Amino acid sequence: MQKVRYITDVAKMDNLSEHEKAVLKPITDKFVFRVNDYYLQLINWDDPHDPIRKLVIPNEGELSEYGRWDASDEDTNYVVPGCQHKYRTTALLIVSEVCGSYCRYCFRKRLFRNDVKEAMSDVAPGLAYIAQTPEISNVLLTGGDSLILATSKLRTIIEGLRSIDHVKIIRLGSKIPVFNPMRIYQDEELLELIRTHSTEEKRIYVMAHINHPREITPEARRGFKALHDAGAIVVNQTPVLKGINDDPAVLGELLDQLSWAGVTPYYFFVNRPVAGNREFVLPLERVYQIVEEAKARTSGLGKRVRLSMSHTSGKIEILAIDNGKAYLKYHQSRDDNYGQFMALDCPPDAEWFDDLPGSEQYWTKPVKKNDAIISVNEMERSPSCAAAD
């Protein structure tokens, strides 16, 4: 069995110069660093602008003052520790604060702080809440990465959810299909777990995070096939990221390769205004143009993807941006405003829903569902990061 080797100290990166290591050290003191040798081999080290490099190797822009730790106010969605319930039919269990590698654009960078504890090893309170809330038909296991968990731990959680009759869909949020595909196709116990609990009436979905077509290697395709053969349905979501996939040809190729591999293109996201993410942000109008040009290059299968902002108030779909106007609607809504159509002025430099004049009339700041949850936005601005493993 092939085992990947993890590196959690930037000083041990053989492909970086001593100067680069020194420059990056303050960044990794603030934002945790973790990569593995399988994923590192996808990088063209002769290209300082290589998109795969930018995904996992820190950049100096991460120390720029920008955004908030929790840009979508996820703290307000916790009903019990480790369990969020924002949308009526869907609950989130935050089951891990570790990933196969750490994406530098991560919108949950707060989970990797020493002073933040949102992921719960004991999911019993969350399972109890879900069991007593019959409107919940979908449960997403996320973090961090759900597939970083040992299969025995995953089995406990999945069997617990499958004992709740009204939970029809279990979703596994993961970048492991491209960070470490061997973890999937070499683990027969994992595949048997999926085979047992992804049935004709109650499916397991793998919500993959694939940002660039170069991540779709022969090993990744083998992982997709193993998941498909076990009965899982695999879909993909990615933000549109400056310097990584902000090219219609690249995004179009990603849509094609996903469709060819049987992975449904699900969401393109606008990058959230999260602390440390300044380098990856694009104006809304540019994101919309890139996505439309990419969709023009692919078939109807690729065109199924939706461009959305995961805002505090809900998932806001960008229908069009034209002549200085943004045409939007709530694709999901915290306050049951699904389908609400909005036409707002869109300044050229607008990067987020809150940057659109008049957007405030369509939502109100949420109140915490559980006062025991501490908001990371109210904590110290610049803590040290957590250990990576």
Side-chain angles (χ1 to χ4, degrees), residues 49 51 54 59-74 76 86 104-110 211 237-252 267-297 303 305-335 337-366 377 381:
H49 303 294
K54 288 186 176 185
N59 68 81
E60 293 180 72
E62 292 181 56
L63 298 181
S64 301
E65 282 294 320
Y66 173 74
R68 297 187 299 149
W69 282 100
D70 183 359
S72 297
D73 298 295
E74 289 193 299
T76 64
K86 181 176 182 177
R104 307 319 301 178
Y105 67 84
C106 182
F107 73 90
R108 286 200 184 114
K109 280 184 172 179
R110 67 185 191 276
N211 310 122
Q237 50 197 17
T238 176
V240 180
L241 300 159
K242 183 180 178 181
I244 293 174
N245 58 19
D246 58 333
D247 179 334
V250 170
L251 273 192
Y267 281 126
F268 283 146
F269 283 118
V270 174
N271 200 355
R272 303 186 205 192
V274 172
N277 278 11
R278 175 72 268 179
E279 293 295 300
F280 301 111
V281 176
L282 293 156
L284 290 178
E285 185 173 15
R286 182 63 189 138
V287 174
Y288 172 72
Q289 291 169 346
I290 292 167
V291 167
E292 287 304 305
E293 290 176 35
K295 287 164 66 177
R297 295 167 175 262
K303 289 181 174 70
V305 71
R306 294 175 185 269
L307 175 59
S308 176
M309 291 179 276
S310 275
H311 187 257
T312 298
S313 59
K315 284 191 175 70
I316 300 170
E317 185 177 357
I318 299 177
L319 302 174
I321 297 179
D322 185 59
N323 253 353
K325 287 279 189 181
Y327 301 94
L328 316 168
K329 79 165 186 177
Y330 274 108
H331 180 64
Q332 277 277 32
S333 170
R334 184 197 69 220
D335 298 324
N337 292 327
Y338 172 78
Q340 169 76 59
F341 177 75
M342 297 165 279
L344 295 167
D345 288 339
C346 184
D349 59 349
E351 298 169 343
W352 192 239
F353 183 58
D354 298 352
D355 298 334
L356 304 178
S359 60
E360 65 281 354
Q361 68 185 294
Y362 291 103
W363 69 288
T364 56
K365 187 172 175 58
N377 290 326
R381 180 75 184 178

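All residue numbers in this chain count up from 1 along the given sequence. Not measured: the values here are computed from a predicted model.
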Side chains of Asn211 and Tyr105 in contact at under 4.5 Å (non-hydrogen atoms): yes
By side chain to side chain contact (heavy atoms under 4.5 Å, CB included) - contacts of Asp247 (at least two apart): Ala249, Val250
Full working for side chain to side chain contact (heavy atoms under 4.5 Å, CB included) between Leu328 and Tyr362: CA-CA 11 Å; Leu328 316 168; Tyr362 291 103; over 6 Å; no
Side-chain (Ser333) to main-chain (Asp335) donor-acceptor, under 3.5 angstrom: yes
Reported CG-to-CG distance for the pair Leu282 and Asn271, which is rounded to 0.5 angstrom: 8.5 Å
Rounded distance [0.5 Å steps], OH in Tyr330 versus NZ in Lys315: 13.0 Å
Any donor-acceptor N/O pair, Asn277 side chain to Pro273 backbone, under 3.5 Å: no
Side chain to side chain contact (heavy atoms under 4.5 Å, CB included) against Glu62, all qualifying residues, sequence neighbours excluded: Ile27, Phe31, Pro58, Asn59, Arg104, Lys109
CZ-CG distance between Arg334 and Asp73, expressed to the nearest 0.5 angstrom: 8.5 Å
Pairs satisfying ring-ring contact (aromatic ring centres under 6.0 Å, His included), at least one member in residues 268-291, at least two apart: Tyr267-Phe269
Pairwise side-chain contact, Lys54 with Glu279, heavy-atom cut-off 4.5 Å (strictly under): no
Residues in side-chain hydrogen bond (donor to acceptor under 3.5 Å, both in side chains) contact with Asp246, at least two apart in sequence or another chain: none
Rounded distance (nearest 0.5 Å) linking atom NZ of Lys329 with atom CD1 of Ile316: 13.0 Å
Between CD on residue Gln332 and NZ on residue Lys86, distance to nearest 0.5 Å: 9.0 Å
Lys365 vs Thr312 side-chain heavy atoms within contact, under 4.5 Å: no
Can you list, pair by pair, the side-chain donor-acceptor contacts under 3.5 Å of residues 342-359, counting residues two or more places apart and other chains?
from   : atom 1 : to     : atom 2 : distance (Å)
Asp345 : OD1    : Lys325 : NZ     : 3.0
Glu351 : OE1    : Arg278 : NH2    : 3.3
Glu351 : OE2    : Arg278 : NH2    : 2.8
Asp354 : OD1    : His311 : NE2    : 2.6
Asp355 : OD2    : Glu351 : N      : 2.9
Asp355 : OD2    : Trp352 : N      : 3.1
Ser359 : OG     : Phe353 : O      : 3.1
Ser359 : OG     : Leu356 : O      : 3.0

Partners passing side-chain hydrogen bond (donor to acceptor under 3.5 Å, both in side chains) against Ser308 (at least two apart in sequence or in another chain): none
Side chain to side chain contact (heavy atoms under 4.5 Å, CB included) involving Pro248 - partner list, sequence neighbours excluded: Ile290, Glu293, Arg297
Min side-chain heavy-atom separation Phe107-Glu74 under 4.5 Å: yes
Shortest non-hydrogen contact between Ser72 and Ser310, atoms and distance: OG-O, 2.6 Å
Contacts of type salt bridge (Lys or Arg N to Asp or Glu O under 4.0 Å), residue Lys295, not counting sequence neighbours: Glu292
Partner set under salt bridge (Lys or Arg N to Asp or Glu O under 4.0 Å) for Glu360, not counting sequence neighbours: none
Non-neighbouring partners of Asp70 that pass side-chain hydrogen bond (donor to acceptor under 3.5 Å, both in side chains), sequence neighbours left out: none
Set of residues satisfying salt bridge (Lys or Arg N to Asp or Glu O under 4.0 Å) with respect to Glu285, sequence neighbours excluded: none
Distance in Å, Asn245 CG paired with Thr238 OG1, rounded so as to fall on 0.5 Å steps: 5.0 Å
Non-hydrogen side-chain atoms of Val270 and Val240 separated by less than 4.5 Å: no
